Amino acid sequence: MTSQSDTDKFEQHRQDKIEKLAALGIDPYGSRYDQVEPAESIKARFQDEQEGQHARCAGRIVLFRDIGKLVFITLRDRSGTIQVGLSKSILKDQWPLAKLLDLGDIIGAVGQLGRTRTGEITIWVEENGLAFLSKCLAQPPEKFHGLADIDQRYRQRYVDLWANPEVMERFKKRSAIIATIRQFLEARGFLEVETPMMQAIAGGAAAKPFITHHNSLDLDLYLRISPELFLKRLLVGGLERVFEINRSFRNEGLSRRHNPEFTMIEVYQAYGDYNVMMDLTEELIGSCVAAHCADTNVTFGDCDVNLARPWRRARYADLLKEHSGCDIDDIDAVRRKARSLELDESAMDDAVVVNEVFEATVEDALIDPTFVLDYPAVLCPLTKRSKTDPRYADRFELFIAGMELANAYTELNDPAQQYENFLVQLKGQEDTMATMDTDFIKALKYGMPPAGGLGIGIDRLVMILTGATTIRDVILFPHLKPVDAPTPG
RNA sequence: GGGAGUGUAGCUCAGUCGGUAGAGCAACGCACUUUUAAUGCGUAGGUCCUGGGUUCGAGUCCCAGCACUCUCACCA
């Protein structure tokens, strides 16, 4: 016997039950089922145990205990679980149907609420109160360990979601966090907008894009690496406060913090600057913490993270000094440090070496939320330079648990300076497909109000707030290599 | 692309020194009207990832490949 025929045998047994149901005139794939109450709300309202209460619920059979003339079912729906009891003496003519149920089936149940001997709240299904809504033909995962194989969990998220309740909880929380963000911004007068995901010029970041092709225009297009340049066009247009919760795409390596397509939010506020955005960031994420975390201390892998406000604000140069011992202006010292970190600095520009040392020594150490302020200007082509020291740009990044969570700056609105920066950026970046965005320069020539702009990695934020140390646990269908299709025949 | 690890029943996993493949759950059959991962008895289920090699004999040792995981590199 091969395993394939075992699987077929399993499916055949269940197929047989479908045919038995059909012979009884019952559609195993059911239909509309109204007035369904979530399992957890049924249990909540029965706490007072008033006699004669009815309930109507629907869900998937995740546990099945057949003890003769009595069957106990644990039914799972989006809210949780509830026990459903089938009794031969109550079901009467419908009793034989109880023996056609299997683990994994989706059913509806109506009946009296009661408690069993051990106190479990149970829906005792009444006569004709059992509804077949969908037969499960495929074999469900093991009931106690759930679906544990990581690859299968991501590939078959449709099983993972009900086999592992904490998975469903995490994705419900993700939705709730995004709802909180929307409410927060809408309450402050920000308008949610949508800008192109297919762009002729992939701008707003330095990353390798994915290429796609428009047939009838015979035109190569890029999947956006950032919505930034379009959102700033909207500032020129006078929308003044906009945000986009956007999927962006970067053709780079995968890691526990990187998925090729990821969700971020970008926010632009006319007449603001990066200090305004820093306050906004702290309040925005703070409101998510308040709404969705039990308290401000969260665990993230091996880290204990304290999210209590206010958050530390420290200059880039000061953090470099603190963690590497190097003065940012002493390039020889920085290069010595780079060599001691086994970085090959010989071919790097000064600013790049500084940033490499910064990333190697500082970022991992920023566990509690830390705003890193005032980046070297050469690293920031879209950012306005500091009025007091033009070597630095008015930009911050927010780090939590060693992870870059947000990036914001005072937007550069000088078209001549922006044009110069683009030219510098284009040198030696052929592999990023970077192209001069002359239309963006033209837009700036019409006048863009001074503005603060902010980007927050939504996936990473959800990771922090739900304790998921890999980005694939907060993305419903993370990128995976496709499985080879089985050869037909 | 580099390094490390994993791959055994549908699922979760054992498998000792190289000596004819094991458990729990799921499945199938029987019993059971208050179970809680129900229980008891019975049955069935294997390309030990793939291909080579060593050996009288390989799930086990060696080589190569594949897949996945972790990690490093890449990554405004």
Side-chain angles (χ1 to χ4, degrees), chain A residues 1-14 16 62-74 81-91 95 98 102-104 114-122 124 136 138-156 159 163 203-208 225-226 228 250-260 262 342-344 351-352 355-356 358-360 372 375-383 393 395 397 404 407-409 421 425 429 431-432 434 455 457 469-470 472 480-484:
Chain A
M1 279 291 170
T2 66
S3 59
Q4 186 56 51
S5 75
D6 281 343
T7 306
D8 291 347
K9 209 157 72 179
F10 178 93
E11 195 171 316
Q12 190 57 51
H13 278 121
R14 295 197 169 199
D16 291 347
V62 291
L63 292 172
F64 189 85
R65 298 176 288 279
D66 178 353
I67 45 180
K69 297 183 181 63
L70 207 55
V71 170
F72 291 102
I73 288 167
T74 303
T81 58
I82 189 162
Q83 177 162 275
V84 170
L86 304 175
S87 158
K88 184 180 181 183
S89 60
I90 302 176
L91 276 179
W95 172 246
D102 285 306
L103 222 45
R115 282 188 195 266
T116 60
R117 189 180 290 167
T118 48
E120 176 101 13
I121 296 171
T122 302
W124 289 103
C136 176
Q139 193 157 13
E142 204 254 12
K143 65 185 179 186
F144 184 59
H145 297 93
L147 190 61
D149 181 83
I150 292 170
D151 190 52
Q152 276 193 53
R153 283 188 44 223
Y154 298 141
R155 286 188 197 282
Q156 296 189 278
V159 176
K208 297 187 192 76
I225 55 176
S226 153
E228 171 157 351
R250 296 187 182 177
N251 204 342
E252 290 157 1
L254 285 68
S255 79
R256 61 164 54 189
R257 297 170 180 186
H258 298 85
N259 197 61
F262 64 102
E342 297 181 356
L343 296 168
D344 182 11
V352 176
N355 204 43
E356 290 284 327
F358 183 89
E359 288 180 4
V372 179
Y375 276 67
V378 291
L379 299 172
C380 312
L382 298 161
T383 308
R395 169 182 173 188
E397 290 193 358
E404 181 196 332
N407 179 21
Y409 33 86
N421 290 357
Q425 189 190 8
Q429 288 201 0
D431 61 334
T432 63
T469 54
T470 168
R472 290 188 296 184
L480 300 167
K481 285 192 203 173
V483 188
D484 289 340

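Just so it is clear, the model here is predicted, and its values are computed rather than measured.
With sequence neighbours excluded, no residue forms a salt bridge (charged side-chain N to carboxylate O under 4.0 Å, His left out) with Glu404(A). Trp124(A) is linked by a ring-ring contact (aromatic ring centres under 6.0 Å, His included) to Phe72(A), counting only residues two or more places apart in sequence or in another chain. Here Arg115(A) pairs with Glu49(A) under the salt bridge (charged side-chain N to carboxylate O under 4.0 Å, His left out) rule; sequence neighbours left out. Under the salt bridge (charged side-chain N to carboxylate O under 4.0 Å, His left out) criterion, Arg153(A) pairs with Asp160(A), Asp473(A), not counting sequence neighbours. Scored by the salt bridge (charged side-chain N to carboxylate O under 4.0 Å, His left out) test, Asp66(A) finds Lys99(A) as partners (sequence neighbours excluded).
When distances run from any side-chain atom of Leu70(A) to the nucleotides rU34(B), rA27(B), rU12(B), the shortest one goes to rU34(B). Residue Thr122(A) places its side chain closer to rU35(B) than to any other of rC75(B), rU35(B), rA26(B). Residue Pro141(A) places its side chain closer to rC11(B) than to any other of rA26(B), rC70(B), rC11(B). Here the side chain of Ile150(A) is nearest to one of rU35(B), rU69(B), rA27(B), namely rU69(B).
An OP1 or OP2 oxygen of rU35(B) is reached within less than 4.0 angstrom by a side-chain nitrogen or oxygen of Arg117(A). Not one side-chain nitrogen or oxygen of Gln83(A) sits closer than 4.0 Å to the OP1 or OP2 atom of rU36(B). Taking 4.0 angstrom as the limit, Arg256(A) places none of its side-chain polar atoms (N or O) nearer than this to OP1 or OP2 of rC70(B). Close to rU69(B), at under 4.0 Å from its OP1 or OP2, lies a side-chain N or O of Arg472(A).
Each of Ile73(A) and Tyr409(A) was assigned the nucleotide of RNA chain B with the nearest heavy atom; the assignment lying further toward the 5' end belongs to Ile73(A). Where Glu397(A) and Thr470(A) each meet RNA chain B at their nearest nucleotide, the meeting point lying more 5' is that of Thr470(A).
rA9(B) and rA14(B) have their C1' atoms separated by 13 Å, given to the nearest Å. Across rG5(B) and rG29(B), the matching P atoms stand 46 Å from one another, rounded to whole Å.
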inquiry  = Could you walk me through whether Lys69(A) and Ser89(A) satisfy the side-chain contact (heavy atoms from CB on, under 4.5 Å) test, starting with their C-alpha distance in whole Å, then the side-chain angles of each, then the deciding distance to 0.1 Å, before giving a yes or no?
reply    = CA-CA 8 Å; Lys69(A) 297 183 181 63; Ser89(A) 60; over 6 Å; no
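Residue Trp124(A) is classed as a base contact, given a heavy-atom separation below 4.0 Å to a base.
Taking atom CD of Glu356(A) as the reference point, atom P of rC72(B) lies 15 Å away to the nearest angstrom.
A donor-acceptor contact under 3.5 angstrom links the side-chain atoms of His258(A) to the base of rC75(B). Remark: the Ser255(A) side chain and the rU71(B) base include no donor-acceptor N/O pair separated by less than 3.5 Å. No N or O donor and acceptor, one from the side chain of Thr118(A) and one from the base of rU34(B), sit under 3.5 Å apart.
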Just the atom pairs and distances: protein N or O near nucleotides 37-42 of chain B's N or O, under 3.5 Å.
| unit_1 | atom_1 | unit_2 | atom_2 | d |
| --- | --- | --- | --- | --- |
| rA37(B) | O3' | Lys143(A) | NZ | 3.2 |
| rA38(B) | OP1 | Lys143(A) | NZ | 2.5 |
| rA38(B) | OP2 | Arg65(A) | NH1 | 2.8 |
| rA38(B) | N6 | Asp66(A) | O | 3.2 |

